[in-house]
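Quick notes on the structure that follows.
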Amino acid sequence: MEFDFNYYKKAADYILNIVGHEVEIGLILGSSMGSVKEIINVETIIDYKDIPNFLISTAEGHEGKLIIGEVEGKKVVLMSGRFHYYEGYDFEELSIPIRVFKLLGVNKVILTNAAGAINKSFKPGDIVLIKDHIKLNGPSPLRGKNIEEFGPRFFDVTDMYTERLRELAKTIAKKESIDVKEGVYFFATGPQFETKAEIKAMGILGADLVGMSTVTEALTAAHTNIEVLAMSLVTNMAAGIVDKKITTEEVEEIGKLSRDKLKKFISSIIEAM
Ligand code: 6GU
């Protein structure tokens, strides 16, 4: 399917009509991080299924609601529940949330995810700021006829996880005694976790983390000149890094244990943004 500007505008106009104002900051929460939404003073909640031309969330632990409100006096829109390639969407469809954000007025996004650690110095519970990514699987979400209203056909991605926002996050982490690391995120299609051989290869290629989200959103944001801050919560070590199977339970458990730390961190970042 080929999308045009009006496709996204229809979704955004529906939301703007209900909300009545623009928003500045977009937030997309990773699985088992849903409780971060509690930092919002909620104004409006809209079901994805009611938004024309939006997508429907099928992943477990992802709720399917757009929440609009305020954090530290800033207008935000939050997706509680995101869309992944493994659910069956095409890469091109995964451009929808961020392009709708853009038309709501968003100029900065915070993307969070649960990830496996490839870097042996990381441990479950660590917060890692994404400084770059490797995506060797599948096409770009920007494939297809370029929509000039969003951005140019060819675009630079050397500072897409902007140094400015990473430095800001590091300054806040230091002030609040939150330990943060930095790393390179490898995009995996899922839904299976990786083989030991794949993780070994990803490590050799320079990856510190692996996960199944975020990268399509970050690329769509970079194309349309939205500043990106992305962070992973390490929920487990990747395959073969420790001699242990990966379970969904541990991913969720670490999410629960780390949620207060994440809530405080993200609301302080929004305040400073
Ligand atoms: Cl080990 N791999 C992927 N692809 N996603 C994850 C993960 C691993 N751990 C949490 N999410």
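Residue numbers run from 1 in the order of the sequence given. For ligands, and for the atoms within them, numbers begin at 1 and follow the listed sequence.
Residue, atom and distance of the protein heavy atom nearest to atom 7 (C) of ligand 1 are Gly116 N, 3.4 Å.
Residue contacts with ligand 1, taken as heavy atom pairs separated by less than 4.0 Å, involve Thr235 solely via side-chain atoms from C-beta onward.
Residue Asn236 has at least one N or O atom closer than 3.5 Å to an N or O atom of ligand 1. An N or O contact shorter than 3.5 Å is missing between Phe193 and ligand 1 by distance.
Here is the list of ligand 1 atoms found below 4.0 Å of a heavy atom in Ile246: 1 (Cl). Of all the atoms in ligand 1, the ones that sit under 4.0 Å from a non-hydrogen atom of Glu194 are 1 (Cl), 2 (N), 3 (C), 4 (N), 8 (C).
Cluster annotation: Tyr8 is connected to Tyr14 through the hydrophobic network of ILVMFWY side chains, with a link wherever side-chain heavy atoms come within less than 4.5 Å. Placement of Leu55 and Val100 within a single hydrophobic cluster is found when ILVMFWY residues are connected by side-chain heavy-atom separations under 4.5 Å, directly or transitively.
Contact annotation: the side chain of Phe54 never approaches that of Lys49 to less than 4.5 Å [non-hydrogen atoms, C-beta and beyond]. Phe150 places a side-chain heavy atom less than 4.5 Å from the side chain of Arg99.
Residue contacts with ligand 1 include Ala114, since one or more of its heavy atoms lies under 4.0 Å from the ligand.
Relative to atom 5 (N) of ligand 1, the option among Gly211, Ala239, Ala188, Ala115 with the closest non-hydrogen atom is Gly211.
Across all their heavy atoms, Ser121 and Asp126 have their closest contact at O-OD2, 4.3 Å.
Taking the ring axis of Phe91 as reference, the NZ or CZ atom of Lys135 stays within 45° of it and closer than 6.0 Å to the ring centre.
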